[in-house]
Amino acid sequence: MSTMVDSQERPLVPCDIDAERRVLGILIKHPHLIDSVIDRLSPSHFFEPQHRVIFEAIYDIYSKGGRISYTQVYNQLRKSGALPAPDEALIRLTEAYASEVELLPSVESLVEKEAKRRILRAAQEIQKMILEETEEKLDDYISKAQQLIFEATNVAQDADEIKDLMTVLNKCYVRLVERREGKKPYGLPVRFPAIDVMTTGFKNKDLIILAARPSMGKTSLALNFAVNVAKRGLGVLIFSLEMDDEQIGDRIVVSEFFRFRRPDGGYEITPMDYSTKLNERQFELAQSIFNEMYDLPIFVIDKRGMTVNDIRAKARKVKAEHPNLSLIIIDYLQLIKPPAGSNKNWALVVGDIVREIRDLAGELDLPIILLSQLNRSVESRDNKKPVMSDLRDSGNIEEFADVVMFLYREDYYYPELAKEKGTEGLVEVIFAKQRKGPTGIAKLRFIREFTRFIEETDRPDAPVG
Amino acid sequence: MSAIAGLFEETERLKLRFIRAYERLYELGRISAADLDEVIDALDRMDELSKEELAAKLGKFRELDLDQGKEEARGGK
(Lines give C-alpha, C1' and ligand atoms only; values in the text may rest on other atoms or scores of the structure.)
Protein backbone atom coordinates (compact mmCIF):
# COMPACT_ATOMS: atom_id res chain seq x y z
CA MET A 1 0.00 0.00 0.00
CA SER A 2 1.32 3.41 -0.91
CA THR A 3 0.91 6.06 1.71
CA MET A 4 1.21 9.79 1.60
CA VAL A 5 1.55 10.80 5.21
CA ASP A 6 -0.37 13.95 5.88
CA SER A 7 -0.11 15.59 9.24
CA GLN A 8 1.09 18.83 10.64
CA GLU A 9 4.39 17.30 11.72
CA ARG A 10 5.28 15.69 8.40
CA PRO A 11 5.13 17.00 4.88
CA LEU A 12 3.39 15.01 2.17
CA VAL A 13 6.03 12.53 1.09
CA PRO A 14 6.06 9.16 -0.62
CA CYS A 15 6.35 6.34 1.90
CA ASP A 16 4.94 2.89 2.60
CA ILE A 17 4.66 2.44 6.35
CA ASP A 18 2.97 -0.97 6.08
CA ALA A 19 5.80 -2.26 3.88
CA GLU A 20 8.31 -0.94 6.41
CA ARG A 21 6.60 -2.98 9.16
CA ARG A 22 6.43 -6.05 6.94
CA VAL A 23 10.13 -5.89 6.08
CA LEU A 24 11.20 -5.47 9.69
CA GLY A 25 8.84 -8.16 10.95
CA ILE A 26 9.98 -10.67 8.32
CA LEU A 27 13.68 -9.92 8.87
CA ILE A 28 13.35 -10.55 12.60
CA LYS A 29 11.33 -13.72 12.18
CA HIS A 30 13.39 -15.07 9.24
CA PRO A 31 16.91 -13.72 9.82
CA HIS A 32 18.35 -16.03 7.14
CA LEU A 33 16.65 -13.76 4.58
CA ILE A 34 18.67 -10.73 5.65
CA ASP A 35 21.58 -11.64 3.38
CA SER A 36 19.33 -11.49 0.32
CA VAL A 37 18.21 -7.91 0.90
CA ILE A 38 20.76 -6.23 3.15
CA ASP A 39 22.70 -4.72 0.22
CA ARG A 40 19.54 -3.00 -0.95
CA LEU A 41 18.47 -1.52 2.33
CA SER A 42 19.76 1.27 4.52
CA PRO A 43 18.16 3.18 7.40
CA SER A 44 17.12 5.88 4.92
CA HIS A 45 14.72 3.42 3.27
CA PHE A 46 12.56 3.61 6.39
CA PHE A 47 10.54 6.79 6.59
CA GLU A 48 9.04 6.14 10.03
CA PRO A 49 11.71 7.11 12.61
CA GLN A 50 10.86 4.18 14.90
CA HIS A 51 11.30 1.78 12.00
CA ARG A 52 14.63 3.33 11.11
CA VAL A 53 15.83 2.77 14.69
CA ILE A 54 14.64 -0.85 14.65
CA PHE A 55 16.37 -1.47 11.31
CA GLU A 56 19.59 0.02 12.72
CA ALA A 57 19.33 -2.36 15.68
CA ILE A 58 18.83 -5.34 13.36
CA TYR A 59 21.73 -4.21 11.18
CA ASP A 60 23.96 -3.74 14.21
CA ILE A 61 23.29 -7.25 15.48
CA TYR A 62 23.69 -8.65 11.95
CA SER A 63 27.05 -6.87 11.43
CA LYS A 64 28.39 -8.27 14.69
CA GLY A 65 27.29 -11.77 13.70
CA GLY A 66 24.78 -11.88 16.55
CA ARG A 67 21.54 -13.78 16.79
CA ILE A 68 18.53 -11.89 15.48
CA SER A 69 15.24 -12.39 17.27
CA TYR A 70 12.53 -10.23 18.75
CA THR A 71 14.12 -10.72 22.15
CA GLN A 72 17.59 -9.69 21.01
CA VAL A 73 16.33 -6.71 19.05
CA TYR A 74 14.35 -5.66 22.11
CA ASN A 75 17.45 -6.03 24.27
CA GLN A 76 19.49 -3.95 21.83
CA LEU A 77 16.86 -1.20 21.73
CA ARG A 78 16.47 -1.29 25.51
CA LYS A 79 20.20 -0.80 26.04
CA SER A 80 20.55 1.96 23.46
CA GLY A 81 17.50 3.79 24.80
CA ALA A 82 16.74 4.82 21.23
CA LEU A 83 13.03 3.99 21.51
CA PRO A 84 10.80 4.92 24.46
CA ALA A 85 8.62 1.77 24.27
CA PRO A 86 10.41 -0.84 22.17
CA ASP A 87 8.07 -3.64 23.29
CA GLU A 88 5.05 -1.88 21.79
CA ALA A 89 6.87 -1.08 18.55
CA LEU A 90 8.05 -4.69 18.18
CA ILE A 91 4.65 -6.16 19.06
CA ARG A 92 3.17 -4.09 16.22
CA LEU A 93 5.67 -5.72 13.86
CA THR A 94 4.53 -9.22 14.81
CA GLU A 95 1.11 -8.33 13.41
CA ALA A 96 2.37 -6.72 10.21
CA TYR A 97 2.85 -9.58 7.77
CA ALA A 98 1.40 -12.89 6.69
CA SER A 99 4.27 -14.64 4.94
CA GLU A 100 7.97 -14.27 4.12
CA VAL A 101 7.11 -14.09 0.40
CA GLU A 102 6.01 -10.54 1.10
CA LEU A 103 9.61 -9.54 1.76
CA LEU A 104 10.89 -8.82 -1.76
CA PRO A 105 7.86 -6.86 -2.99
CA SER A 106 7.95 -4.88 0.24
CA VAL A 107 11.69 -4.14 -0.19
CA GLU A 108 10.96 -3.04 -3.78
CA SER A 109 8.35 -0.69 -2.45
CA LEU A 110 10.75 0.80 0.12
CA VAL A 111 13.45 1.25 -2.52
CA GLU A 112 11.00 2.95 -4.85
CA LYS A 113 9.60 5.25 -2.18
CA GLU A 114 13.06 6.19 -0.97
CA ALA A 115 14.14 7.00 -4.54
CA LYS A 116 11.10 9.23 -4.92
CA ARG A 117 11.87 10.96 -1.63
CA ARG A 118 15.41 11.64 -2.87
CA ILE A 119 14.13 13.16 -6.10
CA LEU A 120 11.66 15.22 -4.09
CA ARG A 121 14.45 16.48 -1.83
CA ALA A 122 16.52 17.40 -4.89
CA ALA A 123 13.52 19.27 -6.32
CA GLN A 124 13.08 21.10 -3.03
CA GLU A 125 16.76 22.05 -3.00
CA ILE A 126 16.47 23.32 -6.58
CA GLN A 127 13.41 25.33 -5.62
CA LYS A 128 15.20 26.79 -2.59
CA MET A 129 18.29 27.63 -4.64
CA ILE A 130 16.21 29.52 -7.20
CA LEU A 131 13.97 31.31 -4.72
CA GLU A 132 16.93 32.38 -2.60
CA GLU A 133 18.94 33.36 -5.70
CA THR A 134 22.07 31.62 -4.51
CA GLU A 135 23.83 31.62 -7.90
CA GLU A 136 24.92 34.35 -10.25
CA LYS A 137 24.41 32.94 -13.73
CA LEU A 138 21.61 30.91 -15.28
CA ASP A 139 24.19 28.37 -16.41
CA ASP A 140 25.22 27.84 -12.79
CA TYR A 141 21.60 27.16 -11.82
CA ILE A 142 21.24 24.66 -14.65
CA SER A 143 24.50 22.96 -13.79
CA LYS A 144 23.66 22.70 -10.08
CA ALA A 145 20.12 21.52 -10.78
CA GLN A 146 21.42 18.79 -13.09
CA GLN A 147 23.98 17.80 -10.50
CA LEU A 148 21.33 17.51 -7.77
CA ILE A 149 19.00 15.47 -9.98
CA PHE A 150 21.88 13.28 -11.12
CA GLU A 151 22.94 12.56 -7.55
CA ALA A 152 19.35 11.87 -6.55
CA THR A 153 18.77 9.43 -9.39
CA ASN A 154 22.12 7.72 -9.49
CA VAL A 155 22.20 6.10 -6.05
CA ALA A 156 19.51 3.52 -6.64
CA GLN A 157 21.54 1.78 -9.32
CA ASP A 158 24.11 0.24 -7.02
CA ALA A 159 22.29 -3.04 -6.50
CA ASP A 160 24.16 -4.78 -9.32
CA GLU A 161 27.64 -3.83 -8.14
CA ILE A 162 28.49 -7.40 -7.24
CA LYS A 163 28.47 -9.59 -10.30
CA ASP A 164 29.28 -13.27 -10.42
CA LEU A 165 31.74 -14.52 -12.99
CA MET A 166 29.00 -16.07 -15.09
CA THR A 167 27.32 -12.67 -15.47
CA VAL A 168 30.64 -11.06 -16.38
CA LEU A 169 31.60 -13.78 -18.87
CA ASN A 170 28.12 -13.70 -20.41
CA LYS A 171 28.62 -10.02 -21.22
CA CYS A 172 32.06 -10.74 -22.67
CA TYR A 173 30.67 -13.59 -24.77
CA VAL A 174 27.83 -11.45 -26.18
CA ARG A 175 30.39 -8.79 -27.16
CA LEU A 176 32.63 -11.45 -28.70
CA VAL A 177 29.77 -12.74 -30.85
CA GLU A 178 28.80 -9.20 -31.83
CA ARG A 179 32.37 -8.49 -32.91
CA ARG A 180 32.54 -11.75 -34.84
CA GLU A 181 29.31 -10.87 -36.63
CA GLY A 182 30.61 -7.38 -37.28
CA LYS A 183 27.79 -5.84 -35.23
CA LYS A 184 29.86 -4.09 -32.63
CA PRO A 185 33.60 -3.45 -32.53
CA TYR A 186 35.47 -3.81 -29.24
CA GLY A 187 36.07 -0.10 -29.13
CA LEU A 188 35.23 2.94 -31.22
CA PRO A 189 37.40 2.95 -34.37
CA VAL A 190 38.40 6.37 -35.67
CA ARG A 191 39.05 5.00 -39.14
CA PHE A 192 42.79 5.53 -39.13
CA PRO A 193 43.98 1.94 -39.35
CA ALA A 194 47.38 2.77 -37.84
CA ILE A 195 45.65 4.17 -34.76
CA ASP A 196 42.82 1.64 -34.62
CA VAL A 197 45.34 -1.20 -34.71
CA MET A 198 47.09 0.30 -31.68
CA THR A 199 43.92 0.97 -29.70
CA THR A 200 41.46 -1.61 -31.13
CA GLY A 201 39.15 1.39 -30.92
CA PHE A 202 38.67 3.85 -28.08
CA LYS A 203 36.82 2.17 -25.24
CA ASN A 204 33.70 3.44 -23.54
CA LYS A 205 34.33 5.09 -20.15
CA ASP A 206 37.94 5.84 -21.16
CA LEU A 207 39.62 9.19 -20.91
CA ILE A 208 42.02 9.73 -23.80
CA ILE A 209 44.53 12.55 -23.55
CA LEU A 210 45.70 13.91 -26.89
CA ALA A 211 48.59 16.22 -26.09
CA ALA A 212 51.06 18.19 -28.17
CA ARG A 213 52.77 21.53 -28.45
CA PRO A 214 50.74 24.24 -30.23
CA SER A 215 50.26 23.89 -34.02
CA MET A 216 51.14 20.20 -34.06
CA GLY A 217 47.65 19.35 -35.29
CA LYS A 218 45.78 18.31 -32.14
CA THR A 219 42.51 19.97 -33.09
CA SER A 220 42.77 18.82 -36.71
CA LEU A 221 43.30 15.21 -35.71
CA ALA A 222 40.45 15.36 -33.21
CA LEU A 223 38.13 16.84 -35.85
CA ASN A 224 39.21 14.16 -38.32
CA PHE A 225 38.31 11.56 -35.66
CA ALA A 226 34.95 13.28 -35.15
CA VAL A 227 34.04 13.23 -38.84
CA ASN A 228 35.16 9.63 -39.30
CA VAL A 229 33.05 8.51 -36.33
CA ALA A 230 30.05 10.61 -37.36
CA LYS A 231 30.17 9.19 -40.89
CA ARG A 232 29.13 5.89 -39.33
CA GLY A 233 26.04 7.55 -37.89
CA LEU A 234 27.46 7.79 -34.36
CA GLY A 235 27.03 11.02 -32.45
CA VAL A 236 30.02 13.18 -31.57
CA LEU A 237 29.99 16.16 -29.22
CA ILE A 238 32.73 18.73 -29.53
CA PHE A 239 33.44 21.26 -26.82
CA SER A 240 35.49 23.98 -28.39
CA LEU A 241 36.82 26.43 -25.84
CA GLU A 242 39.02 28.20 -28.35
CA MET A 243 37.61 28.09 -31.88
CA ASP A 244 34.06 29.17 -32.68
CA ASP A 245 31.52 27.03 -34.47
CA GLU A 246 32.19 28.58 -37.89
CA GLN A 247 35.91 27.92 -37.67
CA ILE A 248 35.18 24.32 -36.81
CA GLY A 249 32.66 24.02 -39.64
CA ASP A 250 35.15 25.49 -42.10
CA ARG A 251 37.85 23.11 -40.96
CA ILE A 252 35.56 20.12 -41.34
CA VAL A 253 34.59 21.16 -44.87
CA VAL A 254 38.09 22.11 -45.95
CA SER A 255 39.55 18.85 -44.74
CA GLU A 256 37.25 17.06 -47.17
CA PHE A 257 38.58 19.03 -50.19
CA PHE A 258 41.66 16.90 -49.97
CA ARG A 259 39.86 14.24 -51.93
CA PHE A 260 39.47 16.46 -55.05
CA ARG A 261 42.94 15.85 -56.33
CA ARG A 262 43.77 16.48 -59.92
CA PRO A 263 45.97 14.15 -62.00
CA ASP A 264 48.69 16.86 -62.05
CA GLY A 265 48.97 16.67 -58.25
CA GLY A 266 47.13 19.92 -57.60
CA TYR A 267 43.65 20.22 -56.12
CA GLU A 268 40.32 21.19 -57.70
CA ILE A 269 39.63 23.40 -54.72
CA THR A 270 42.08 24.61 -52.13
CA PRO A 271 41.57 26.19 -48.73
CA MET A 272 42.72 29.45 -50.28
CA ASP A 273 40.02 29.17 -52.97
CA TYR A 274 37.45 28.42 -50.28
CA SER A 275 38.32 31.53 -48.34
CA THR A 276 38.10 33.71 -51.46
CA LYS A 277 35.71 33.35 -54.42
CA LEU A 278 34.94 29.96 -55.94
CA ASN A 279 34.29 29.36 -59.61
CA GLU A 280 31.22 27.42 -60.73
CA ARG A 281 32.95 24.04 -60.66
CA GLN A 282 34.54 24.67 -57.29
CA PHE A 283 31.25 25.91 -55.87
CA GLU A 284 29.55 22.67 -56.99
CA LEU A 285 32.27 20.65 -55.33
CA ALA A 286 31.97 22.65 -52.13
CA GLN A 287 28.19 22.20 -52.22
CA SER A 288 28.61 18.46 -52.58
CA ILE A 289 30.72 18.44 -49.41
CA PHE A 290 28.20 20.57 -47.53
CA ASN A 291 25.39 18.20 -48.60
CA GLU A 292 27.42 15.25 -47.41
CA MET A 293 28.22 16.84 -44.06
CA TYR A 294 24.83 18.35 -43.21
CA ASP A 295 23.46 15.10 -41.80
CA LEU A 296 26.48 14.13 -39.74
CA PRO A 297 25.53 13.81 -36.06
CA ILE A 298 28.19 16.21 -34.81
CA PHE A 299 27.23 18.66 -32.08
CA VAL A 300 29.38 21.67 -31.34
CA ILE A 301 29.45 23.75 -28.18
CA ASP A 302 31.73 26.72 -28.69
CA LYS A 303 32.01 28.65 -25.50
CA ARG A 304 34.98 30.09 -23.73
CA GLY A 305 35.45 29.92 -19.99
CA MET A 306 33.46 26.73 -19.44
CA THR A 307 33.89 24.92 -16.14
CA VAL A 308 33.75 21.15 -15.72
CA ASN A 309 30.26 21.62 -14.31
CA ASP A 310 29.20 23.40 -17.50
CA ILE A 311 30.73 20.66 -19.62
CA ARG A 312 29.11 17.93 -17.56
CA ALA A 313 25.69 19.55 -17.66
CA LYS A 314 25.78 20.07 -21.41
CA ALA A 315 27.17 16.59 -22.11
CA ARG A 316 24.38 15.01 -20.04
CA LYS A 317 21.80 17.03 -21.95
CA VAL A 318 23.17 16.01 -25.34
CA LYS A 319 23.41 12.37 -24.27
CA ALA A 320 19.81 12.45 -23.02
CA GLU A 321 18.61 13.92 -26.30
CA HIS A 322 20.87 11.79 -28.52
CA PRO A 323 21.38 8.38 -26.92
CA ASN A 324 23.71 7.31 -29.76
CA LEU A 325 26.26 9.91 -28.67
CA SER A 326 29.47 7.87 -28.87
CA LEU A 327 32.36 10.28 -28.50
CA ILE A 328 33.10 13.56 -26.76
CA ILE A 329 36.02 15.79 -27.70
CA ILE A 330 37.12 18.64 -25.44
CA ASP A 331 39.46 21.22 -26.96
CA TYR A 332 41.31 21.86 -24.68
CA LEU A 333 42.18 21.16 -21.01
CA GLN A 334 44.09 24.33 -20.18
CA LEU A 335 41.12 26.47 -21.27
CA ILE A 336 38.70 24.84 -18.86
CA LYS A 337 37.89 27.34 -16.14
CA PRO A 338 38.65 26.20 -12.58
CA PRO A 339 35.75 26.30 -10.13
CA ALA A 340 35.25 29.70 -8.50
CA GLY A 341 36.92 30.21 -5.14
CA SER A 342 39.32 27.28 -5.43
CA ASN A 343 42.41 27.82 -3.28
CA LYS A 344 44.30 24.88 -4.72
CA ASN A 345 47.39 25.31 -6.81
CA TRP A 346 47.09 24.93 -10.56
CA ALA A 347 48.43 21.38 -10.69
CA LEU A 348 45.83 20.18 -8.19
CA VAL A 349 43.06 22.07 -9.96
CA VAL A 350 44.01 20.44 -13.27
CA GLY A 351 44.13 17.06 -11.54
CA ASP A 352 40.58 17.60 -10.26
CA ILE A 353 39.36 18.66 -13.69
CA VAL A 354 40.88 15.60 -15.37
CA ARG A 355 39.44 13.26 -12.74
CA GLU A 356 35.99 14.77 -13.13
CA ILE A 357 36.14 14.42 -16.89
CA ARG A 358 37.18 10.79 -16.55
CA ASP A 359 34.19 10.29 -14.22
CA LEU A 360 31.97 11.88 -16.84
CA ALA A 361 33.24 9.38 -19.43
CA GLY A 362 32.26 6.61 -17.01
CA GLU A 363 28.88 8.11 -16.29
CA LEU A 364 27.97 8.60 -19.95
CA ASP A 365 29.59 5.30 -20.95
CA LEU A 366 31.59 6.68 -23.88
CA PRO A 367 35.18 7.68 -24.61
CA ILE A 368 36.20 11.30 -24.04
CA ILE A 369 39.17 12.74 -25.90
CA LEU A 370 40.65 15.60 -23.92
CA LEU A 371 43.14 17.72 -25.82
CA SER A 372 46.01 19.17 -23.83
CA GLN A 373 48.95 21.48 -24.27
CA LEU A 374 52.41 20.30 -23.28
CA ASN A 375 54.93 22.10 -21.11
CA ARG A 376 57.49 24.33 -22.71
CA SER A 377 60.18 22.02 -21.35
CA VAL A 378 59.89 20.03 -24.59
CA GLU A 379 61.36 22.96 -26.49
CA SER A 380 64.45 23.27 -24.35
CA ARG A 381 65.81 19.77 -24.79
CA ASP A 382 67.57 18.12 -27.72
CA ASN A 383 65.11 15.30 -28.17
CA LYS A 384 61.82 17.07 -28.64
CA LYS A 385 59.65 14.00 -28.73
CA PRO A 386 57.14 14.40 -25.90
CA VAL A 387 57.38 12.12 -22.91
CA MET A 388 55.08 11.56 -19.94
CA SER A 389 56.97 13.96 -17.72
CA ASP A 390 55.94 16.77 -20.07
CA LEU A 391 52.47 16.37 -18.60
CA ARG A 392 53.58 16.14 -15.00
CA ASP A 393 53.37 19.77 -14.00
CA SER A 394 49.71 19.71 -14.89
CA GLY A 395 48.25 17.67 -12.09
CA ASN A 396 47.74 13.94 -12.24
CA ILE A 397 46.82 13.80 -15.89
CA GLU A 398 48.74 10.64 -16.61
CA GLU A 399 47.35 8.95 -13.52
CA PHE A 400 43.71 9.49 -14.47
CA ALA A 401 44.05 8.99 -18.22
CA ASP A 402 43.40 5.59 -19.77
CA VAL A 403 45.24 6.53 -22.95
CA VAL A 404 47.89 9.21 -23.42
CA MET A 405 48.72 10.14 -27.00
CA PHE A 406 51.34 12.67 -28.06
CA LEU A 407 51.78 14.19 -31.49
CA TYR A 408 55.26 14.82 -32.82
CA ARG A 409 56.28 16.25 -36.18
CA GLU A 410 59.90 16.45 -37.08
CA ASP A 411 59.21 19.14 -39.70
CA TYR A 412 57.85 21.38 -36.96
CA TYR A 413 61.25 21.64 -35.29
CA TYR A 414 63.61 20.79 -38.15
CA PRO A 415 61.95 21.78 -41.45
CA GLU A 416 65.15 21.63 -43.52
CA LEU A 417 66.14 18.25 -42.18
CA ALA A 418 62.62 16.95 -42.78
CA LYS A 419 62.79 18.19 -46.37
CA GLU A 420 66.06 16.36 -46.89
CA LYS A 421 64.78 13.18 -45.31
CA GLY A 422 61.38 13.36 -46.99
CA THR A 423 59.62 13.35 -43.63
CA GLU A 424 57.67 16.57 -44.21
CA GLY A 425 54.19 16.19 -42.83
CA LEU A 426 55.05 12.92 -41.15
CA VAL A 427 53.41 12.74 -37.75
CA GLU A 428 54.27 10.33 -35.03
CA VAL A 429 51.28 9.54 -32.84
CA ILE A 430 53.04 8.35 -29.72
CA PHE A 431 51.00 6.11 -27.46
CA ALA A 432 52.78 6.75 -24.18
CA LYS A 433 50.14 5.03 -22.09
CA GLN A 434 47.37 2.58 -22.82
CA ARG A 435 45.68 0.78 -19.96
CA LYS A 436 44.10 -1.74 -22.33
CA GLY A 437 46.67 -1.91 -25.08
CA PRO A 438 50.31 -1.58 -26.07
CA THR A 439 52.40 1.55 -26.10
CA GLY A 440 54.17 2.49 -29.33
CA ILE A 441 54.01 4.78 -32.32
CA ALA A 442 51.48 5.05 -35.14
CA LYS A 443 52.50 7.08 -38.18
CA LEU A 444 50.20 9.45 -40.01
CA ARG A 445 50.71 12.22 -42.53
CA PHE A 446 49.44 15.74 -41.88
CA ILE A 447 48.34 17.75 -44.88
CA ARG A 448 48.56 21.01 -43.09
CA GLU A 449 46.77 23.26 -45.58
CA PHE A 450 43.73 20.95 -45.51
CA THR A 451 44.07 20.32 -41.76
CA ARG A 452 43.81 16.72 -42.80
CA PHE A 453 45.50 13.61 -41.48
CA ILE A 454 45.89 10.62 -43.74
CA GLU A 455 47.44 7.22 -43.45
CA GLU A 456 51.12 7.23 -44.23
CA THR A 457 50.40 4.87 -47.15
CA ASP A 458 47.95 7.37 -48.66
CA ARG A 459 50.58 10.09 -49.08
CA PRO A 460 49.61 12.66 -51.70
CA ASP A 461 52.82 12.30 -53.67
CA ALA A 462 52.04 8.65 -54.27
CA PRO A 463 51.08 7.84 -57.85
CA VAL A 464 47.47 8.75 -58.59
CA GLY A 465 45.02 5.97 -59.47
CA MET B 1 -1.55 -16.41 8.86
CA SER B 2 -1.69 -20.14 9.73
CA ALA B 3 -2.41 -21.31 13.27
CA ILE B 4 1.19 -22.46 13.81
CA ALA B 5 2.64 -19.25 12.42
CA GLY B 6 0.19 -17.33 14.56
CA LEU B 7 1.40 -19.29 17.56
CA PHE B 8 4.95 -18.11 16.90
CA GLU B 9 3.84 -14.50 16.82
CA GLU B 10 1.81 -14.97 19.97
CA THR B 11 4.81 -16.55 21.73
CA GLU B 12 7.02 -13.64 20.66
CA ARG B 13 4.50 -11.14 21.98
CA LEU B 14 4.33 -13.02 25.28
CA LYS B 15 8.12 -13.07 25.55
CA LEU B 16 8.28 -9.32 24.93
CA ARG B 17 5.63 -8.67 27.61
CA PHE B 18 7.43 -11.04 29.97
CA ILE B 19 10.73 -9.25 29.46
CA ARG B 20 9.03 -5.91 29.91
CA ALA B 21 7.69 -7.13 33.28
CA TYR B 22 11.18 -8.19 34.40
CA GLU B 23 12.56 -4.91 33.15
CA ARG B 24 10.08 -3.17 35.40
CA LEU B 25 11.42 -5.24 38.31
CA TYR B 26 14.90 -4.16 37.37
CA GLU B 27 13.79 -0.52 37.27
CA LEU B 28 12.33 -0.98 40.78
CA GLY B 29 15.63 -2.39 41.92
CA ARG B 30 14.19 -5.83 42.67
CA ILE B 31 16.52 -7.67 40.29
CA SER B 32 20.00 -6.87 39.02
CA ALA B 33 21.07 -6.06 35.44
CA ALA B 34 22.73 -9.49 35.28
CA ASP B 35 19.44 -11.11 36.37
CA LEU B 36 17.59 -9.30 33.63
CA ASP B 37 20.15 -10.36 31.02
CA GLU B 38 19.79 -13.94 32.22
CA VAL B 39 16.01 -13.80 31.81
CA ILE B 40 16.29 -12.30 28.36
CA ASP B 41 18.82 -14.92 27.34
CA ALA B 42 16.66 -17.73 28.71
CA LEU B 43 13.61 -16.49 26.86
CA ASP B 44 15.59 -15.93 23.68
CA ARG B 45 16.89 -19.50 23.77
CA MET B 46 13.69 -21.00 25.09
CA ASP B 47 13.50 -23.50 22.21
CA GLU B 48 16.98 -24.81 23.03
CA LEU B 49 16.32 -25.28 26.76
CA SER B 50 14.50 -28.18 28.34
CA LYS B 51 11.44 -27.49 30.45
CA GLU B 52 13.53 -28.16 33.57
CA GLU B 53 16.36 -25.84 32.54
CA LEU B 54 13.90 -23.07 31.80
CA ALA B 55 12.10 -23.59 35.10
CA ALA B 56 15.43 -23.47 36.95
CA LYS B 57 16.51 -20.26 35.26
CA LEU B 58 13.23 -18.44 35.78
CA GLY B 59 12.31 -20.15 39.05
CA LYS B 60 15.06 -18.44 41.00
CA PHE B 61 12.93 -15.31 41.07
CA ARG B 62 10.14 -17.10 42.98
CA GLU B 63 11.77 -16.07 46.21
CA LEU B 64 11.25 -12.42 45.36
CA ASP B 65 9.09 -10.55 47.81
CA LEU B 66 6.71 -9.28 45.20
CA ASP B 67 4.37 -7.89 47.85
CA GLN B 68 7.13 -5.49 48.80
CA GLY B 69 7.20 -4.34 45.21
CA LYS B 70 3.44 -3.80 45.25
CA GLU B 71 3.72 -1.77 48.46
CA GLU B 72 6.45 0.33 46.92
CA ALA B 73 4.36 0.86 43.85
CA ARG B 74 1.36 1.92 45.97
CA GLY B 75 3.55 4.15 48.12
CA GLY B 76 4.84 5.79 45.02
CA LYS B 77 1.36 6.87 43.89
Side-chain angles (χ1 to χ4, degrees), chain A residues 1 18-34 50-51 53-55 57-58 60-62 64-103 105-106, chain B residues 1-62 64 66 69-70 72-73 76-77:
Chain A
M1 184 186 75
D18 290 344
E20 291 181 14
R21 284 200 194 99
R22 281 195 296 274
V23 169
L24 294 173
I26 293 170
L27 292 185
I28 298 175
K29 183 177 176 184
H30 304 281
H32 64 280
L33 295 175
I34 291 180
Q50 278 198 349
H51 295 164
V53 171
I54 294 172
F55 178 77
I58 294 172
D60 193 43
I61 299 171
Y62 168 84
K64 290 172 182 160
R67 173 186 161 97
I68 292 170
S69 65
Y70 276 100
T71 316
Q72 291 299 342
V73 174
Y74 178 89
N75 203 22
Q76 173 91 1
L77 292 169
R78 180 182 71 80
K79 285 177 176 166
S80 70
L83 278 187
D87 53 329
E88 288 169 22
L90 289 175
I91 284 170
R92 272 197 295 277
L93 297 186
T94 64
E95 297 156 350
Y97 60 94
S99 158
E100 63 193 80
V101 298
E102 292 174 282
L103 178 63
S106 301
Chain B
M1 197 180 291
S2 71
I4 291 175
L7 193 60
F8 170 87
E9 320 302 339
E10 192 52 43
T11 309
E12 293 305 308
R13 286 193 281 271
L14 273 173
K15 283 187 202 172
L16 290 172
R17 290 193 177 106
F18 205 69
I19 294 171
R20 179 69 193 111
Y22 274 88
E23 201 180 356
R24 180 80 184 119
L25 289 175
Y26 166 69
E27 286 161 4
L28 290 169
R30 308 299 299 148
I31 62 172
S32 67
D35 290 336
L36 179 59
D37 284 341
E38 196 179 338
V39 170
I40 291 173
D41 187 61
L43 289 170
D44 191 40
R45 299 186 177 279
M46 209 167 77
D47 297 342
E48 300 163 22
L49 299 175
S50 66
K51 198 175 165 184
E52 291 70 28
E53 285 171 319
L54 190 63
K57 278 185 182 288
L58 299 181
K60 66 190 259 190
F61 301 111
R62 276 183 189 163
L64 276 176
L66 295 179
K70 283 178 192 165
E72 281 172 2
K77 277 184 183 174

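The analysis underlying the following values was restricted to heavy atoms, covering all of them including side chains, and did not include hydrogens, waters or symmetry mates. Residue numbers start from 1 in every chain, and the chains themselves are labelled A, B, ... in the order their sequence lines are given, proteins ahead of strands.
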Inter-residue atom distance B:Leu16.CG - A:Glu88.CD, 0.5 Å rounding: 11.0 Å
From A:Arg92 atom CZ to B:Arg13 atom CZ, the distance as rounded to the nearest 0.5 Å: 13.0 Å
Top contributor to chain B contacts, counting heavy-atom pairs under 4.5 Å, from A:Leu90, A:Ile28, A:Leu93, A:Asp87: A:Asp87
Gap between atom CZ of A:Arg67 and atom CG of B:Asp41 - 0.5 Å precision: 8.5 Å
B:Ile19 side, atom CD1; A:Asn75 side, atom CG - distance, nearest 0.5 Å: 7.0 Å
Approximate separation, where rounding is to 0.5 Å, of B:Leu43 CG and A:Thr71 OG1: 6.5 Å
Pairwise distance OG1(A:Thr94) to CD(B:Glu12) - rounded to 0.5 angstrom: 8.5 Å
Over 12 foreign heavy atoms within 6.0 Å of OH, A:Tyr62: yes
